[in-house]
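Remarks on the structure that follows.
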Amino acid sequence: MDFNGRSGEMVVFATVAEEGSLSAAARALGLTPSAVSRIIARTEQRLGTRLLLRTTRAITFTAEGEAYLRGARRILADMAEVEEAIADQGVPQGRLRVSAALGHGRMTIVPMVAAFSARYPNITVDLSLGDEVVDILGGQADVAVRFGHLPDSPLTARKIGETGQVVVASPDYLQRHGTPQRPEDLLQHNCLRFNFRRAEPNWPFTRDGQAFSLKVCGNIECSSGEALAQFARVGAGIARIGEFSVAEDLQRGDLVPLLQAFNPGDREPIHAVFVGGSAMPARVRVFVDFLLEHHRM
């Protein structure tokens, strides 16, 4: 590849960001570290600003560097999509970057990706599991699977399922601390809670058709539903988490559902989020269609 043009400079810069160092980027691109350094310096000189701050241990991006990286990823993704669409000949192909939450991804998305890859062997699925929200417009992913109600954005969202919430504890915990018979009993128990920003601080319940919430307390907070399920499984406390996180535990009896008569029946939607429109690559379209066809929840 010719790295002298602007698109080549963008490839080099994006690779440095992905690999985390000039030397690692050089290895990935088949260049020398000094060549990568010269290309970055040339880009900075042309733009008239510093994009990277380099030390002997690490590199960091300036604000201008972050902006350039977002634009570069978007432009490179658009270029790749145009070339793939022309060469597609009706057969979906290319690299598909998918982002999903850790627990849901491991239990639900991974098996689906395996089946999807068997159906579409010309598509390379690049799956990232984590609870951070990726920047799809910035080119960090083609499709993201997200929970909850979504904020307004230019992205397209397709609902692929939903999940309810259930209060659970292990038989061992209940034997040691007793089984709550009504929501107010939770005030005497160690309740395991989420710590991310969109998490509700109170647990909702209903009694005689009237909804109410209860502020619970505990000494463990976590961003992962899978981790909270594990804490509950080892007897650390009582958790209120998505049904998908504990379906297998409930079937095996490792966890016990609690206060079901007071469950408000709230459901959390699950969406596939992506950049839609007429230019949407075939690989994105068939993957979203596959999620709609096979997601069970």
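From a predicted model like this one, the values you see are computed outputs, not experimental measurements.
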**Report entry** CA sep, side-chain torsions, deciding dist, call: Thr108, Val145, side-chain contact (heavy atoms from CB on, under 4.5 Å)
**Finding:** CA-CA 11 Å; Thr108 302; Val145 180; over 6 Å; no

Query - NZ/NE/NH1/NH2 to OD/OE distance under 4.0 Å, Arg95 and Asp126 - result: yes

**Report entry** Any Phe262 side-chain heavy atom under 4.5 Å of Leu214 side chain
**Finding:** no

Query raised in the report: So with a 6.0 Å cut-off around CD of Glu248, is the heavy-atom count from everything else above 12?
Result: no

Report task. For residues Val256 and Pro171, report the shortest heavy-atom separation together with the two atoms involved. Result -> CG2-CG, 3.9 Å

Report task. Indicate the atoms forming the closest heavy-atom contact of Ile136 with Ala141, along with that distance. Result -> CG2-O, 3.5 Å

Query raised in the report: How far does CG of Asp185 sit from CG of Leu258, to the nearest 0.5 angstrom?
Result: 10.5 Å

Query raised in the report: Do NZ/NE/NH1/NH2 and the carboxylate oxygens of Glu19 and Arg27 come within less than 4.0 Å?
Result: no

Query - Short N-O contact, Glu226 and Arg233, less than 4.0 angstrom - result: no

Report task. State whether the number of non-hydrogen atoms from other residues, nucleotides or ligands found under 6.0 Å of Gln260 atom CD is greater than 12. Result -> yes

**Report entry** Side-chain (Ser117) to main-chain (Pro121) donor-acceptor, under 3.5 angstrom
**Finding:** no

Query raised in the report: Is it the case that more than 12 heavy atoms not belonging to Arg42 sit under 6.0 Å from its CZ atom?
Result: yes

Query raised in the report: Got a donor-acceptor contact below 3.5 angstrom from the Glu243 side chain to the Thr163 backbone?
Result: no

**Report entry** Steps toward side-chain contact (heavy atoms from CB on, under 4.5 Å) verdict (Thr43, Tyr68)
**Finding:** CA-CA 10 Å; Thr43 306; Tyr68 182 76; 3.7 Å; yes

Query raised in the report: For the hydrophobic clusters of this structure (ILVMFWY residues joined by side-chain heavy atoms under 4.5 Å, transitively), does one cluster hold both Phe147 and Leu155?
Result: no

Report summary line: Looking only at heavy atoms, the pair that brings Val143 and Ala272 closest together is CG1-CB, 4.2 Å

**Report entry** Side-chain touch Met112/Val98, heavy atoms, less than 4.5 angstrom
**Finding:** no

Query raised in the report: Hey, is the main chain of Ala236 close enough, under 3.5 Å, to the side chain of Asn190 for a donor-acceptor pair?
Result: yes

Query raised in the report: Is the distance between the ring centroids of Phe13 and Phe61 under 6.0 Å?
Result: yes

Report task. Output all residues satisfying salt bridge (charged side-chain N to carboxylate O under 4.0 Å, His left out) with Arg207, sequence neighbours left out; order by chain, then residue number. Result -> Glu184

Report summary line: For His271 and Pro269 the tightest heavy-atom approach is CE1-CB, 3.6 Å

Requested in this report: Answer yes or no: are there more than 12 heavy-atom neighbours, outside Arg50 itself, under 6.0 Å from its atom CZ?
Outcome: yes

Query raised in the report: Does Val134 belong to the same Ile/Leu/Val/Met/Phe/Trp/Tyr cluster as Val284, with side-chain heavy atoms less than 4.5 Å apart forming each link?
Result: no

**Report entry** ILVMFWY network linking Phe290 to Val273, side-chain heavy atoms under 4.5 angstrom
**Finding:** no

Query raised in the report: Honestly curious: do Leu228 and Leu250 fall in one hydrophobic cluster under the side-chain, below-4.5 Å linking rule?
Result: yes

Report task. Could you grab the distance from atom CD of Glu293 to atom CZ of Arg119, nearest 0.5 Å is fine? Result -> 5.0 Å

Query raised in the report: Given side chains that start at C-beta, do those of Ile39 and Leu31 come closer than 4.5 Å, heavy atoms only?
Result: yes

**Report entry** For the student: nearest non-hydrogen atoms of Gly105 and Ala100, plus distance
**Finding:** CA-CB, 4.1 Å

Query raised in the report: Tell me, do Cys191 and Arg240 make a side-chain contact under 4.5 Å, heavy atoms counted?
Result: no

**Report entry** Any side-chain heavy-atom pair of Val110 and Leu129 under 4.5 Å
**Finding:** yes

Report task. Mind checking the CD1-CD1 spacing from Ile109 to Ile160? Nearest 0.5 Å is all I need. Result -> 5.5 Å

Query - Side-chain heavy-atom pair Glu64, Leu47 within 4.5 angstrom cut-off - result: no

Query raised in the report: Going from CZ on Phe205 to OG on Ser213, what distance comes out if it is rounded to the nearest 0.5 angstrom?
Result: 9.5 Å

Query - Heavy-atom pair of closest approach, residues Ile238 and Ala169 - result: CG1-CB, 3.8 Å

Query raised in the report: Roughly how far, to the nearest 0.5 Å, is the CG atom of Leu51 from the CG atom of Leu53?
Result: 9.5 Å

Report task. Check for a donor-acceptor pair, side chain of Glu268 on one end and backbone N or O of Asp266 on the other, with a separation under 3.5 Å. Result -> no

Query raised in the report: Which is it for Asp249 and Val168 under the side-chain contact (heavy atoms from CB on, under 4.5 Å) test, yes or no, and what are the steps along the way?
Result: CA-CA 10 Å; Asp249 296 304; Val168 296; over 6 Å; no

Report summary line: Taken to the nearest 0.5 Å, the spacing of Leu96 CG from Tyr120 OH works out to 11.5 Å

Report task. Assign the ring pair His177 / His189 to parallel, tilted or perpendicular, where the plane angle (0 to 90°) is split at 30° and 60°. Result -> perpendicular

**Report entry** Shared hydrophobic cluster, Leu137 / Val288 (ILVMFWY, side-chain heavy atoms < 4.5 Å)
**Finding:** no

Query - Student check: side-chain heavy atoms of Cys217 and Leu186 closer than 4.5 Å - result: no

Report task. Salt-bridge test for Arg176 and Asp172: reply yes if a basic N is under 4.0 Å from a carboxylate O, no otherwise. Result -> yes

Report task. Taking the side chain as every heavy atom from C-beta outward, state whether Gln140 and Arg97 have any atom pair closer than 4.5 Å. Result -> no

Query raised in the report: Run the side-chain contact (heavy atoms from CB on, under 4.5 Å) check on Gln165 and Trp203 step by step: do they pass?
Result: CA-CA 10 Å; Gln165 303 286 313; Trp203 288 3; over 6 Å; no

Query raised in the report: Would a distance-only check, ignoring hydrogens and angles, find a side-chain to backbone donor-acceptor pair under 3.5 Å from Thr15 to Val11?
Result: yes

Requested in this report: Compute the ring centroids of Phe116 and His294, then answer whether they are less than 6.0 Å apart.
Outcome: no

